[in-house]
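Before any comments, here is the structure.
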Amino acid sequence: MRTLKLTGQVVALAAVAGLLGLLVWRLTHQSTPPKLGGPAPIFTAKRMDGVGSFDLASLRGKPVVVNFWASWCAPCKQEAQALEQAWRQYRKQGVVFVGIDYHDVTGDARRFLDHHGVTYLSVLDGSGQIGDKYGLTGVPETFFVDRRGRLVGDHILGPITLQKWASAFHQGVQAALDS
Amino acid sequence: MIVRFAAVLVAALGLAGPAAACAHPRTSLNALEGEIMCPTCHTTLDQSDAPAAQRIEVFIRHRIDQCATESQIKDELVQNFGAGILAAPPRSGFDLLAWWLPLGGVLLGAVALAFGVWRWSRGRGPDEAPPPSGLDDETERRLDELLARLD
């Protein structure tokens, strides 16, 4: 009887320890929004053009504009052409644009790119894991990463075509170029 | 007359064609809506009007029209959005644990409760031996005699 009681206690303790472990794991793995000046969350994702995968870390040494979008997002349609124009303008200075297709049906996303004539690199984030790393609140959102892999400039929460974000976008690209 | 009959026949075949093309019973959007999550609002599709949910519904309708089975559609959605798109984990492989663990926990709890109740009821039984008094036999006998005399 004593052995049975002891076994019960051990099982109960193990269960509590397991639950506690799960809680700690959850708390330590919760994504917190990245800080300005801090390292940009790195990620690896499938390329939309089907040519393998893309790793943000491979762009270390280059200024990067990271834009989250989705084909179902109306403001993303508004800014698509402006982003393409900006990419054509800044690529001569070595700036790389990366579009991240967030929580989207891949077929819709490909049609979106074709329709808006987007030619810069786009990658898939169907599960939203990359968005979580960046503390995304919605789409579109745009981040700027400098040559050292740090987040610089203002984090743009909306289409870059909005008047309030237009200058912040160019300042962000400039900050990524300058540092 | 023959031309009209042929036109009607062609039209009927045209309408019946897509339905007859499926080698298995078609699934429906209604059947899937409650089992697929909207990735941006974290509710099932049938409870969401979010643009992302609407696009997924369009995708599902399109795949149903193409005779895709329920499991094919789910597999494609998981490939696109990850396993989190399913409202419930699959009933196979490691995910089976998610189904069995709660059941196991409930059973274990029931067994533990039953055992506790059984022990408790045994401890309060009328035929339980009295706790030892700490007196030796001789003293106990004399105490019994004294108590008998008092009665």
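Here is how names work: the chains are called A, B, and so on, in the same order as the sequence lines, proteins then strands, and each is numbered from 1. Given the structure is predicted, the values throughout are model-derived calculations rather than measurements.
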Between B:G82, B:G84, B:P39, the one whose heavy-atom pairs under 4.5 Å with chain A are most numerous: B:P39
Give a yes or no on this: more than 12 heavy atoms of other residues, nucleotides or ligands lie within 6.0 Å of atom CG of B:D144. yes
Among A:L124, A:D125, A:T106, who wins on heavy-atom pairs under 4.5 Å with chain B? A:T106
Check the surroundings of atom CD in B:Q47: do more than 12 heavy atoms from other residues, nucleotides or ligands lie under 6.0 Å from it? yes
Would you say that more than 12 heavy atoms from the other residues, nucleotides or ligands in this model lie under 6.0 Å from the CG of A:L162, or not? yes
Is atom CZ of B:R141 surrounded by more than 12 heavy atoms (other residues, nucleotides or ligands) closer than 6.0 Å? yes
Picking from B:A50, B:P51, B:A112, B:A83, which has the most non-hydrogen pairs under 4.5 angstrom with chain A? B:P51
Nearest heavy-atom approach of B:T40 to A:H103 is CG2-CD2, 3.9 Å
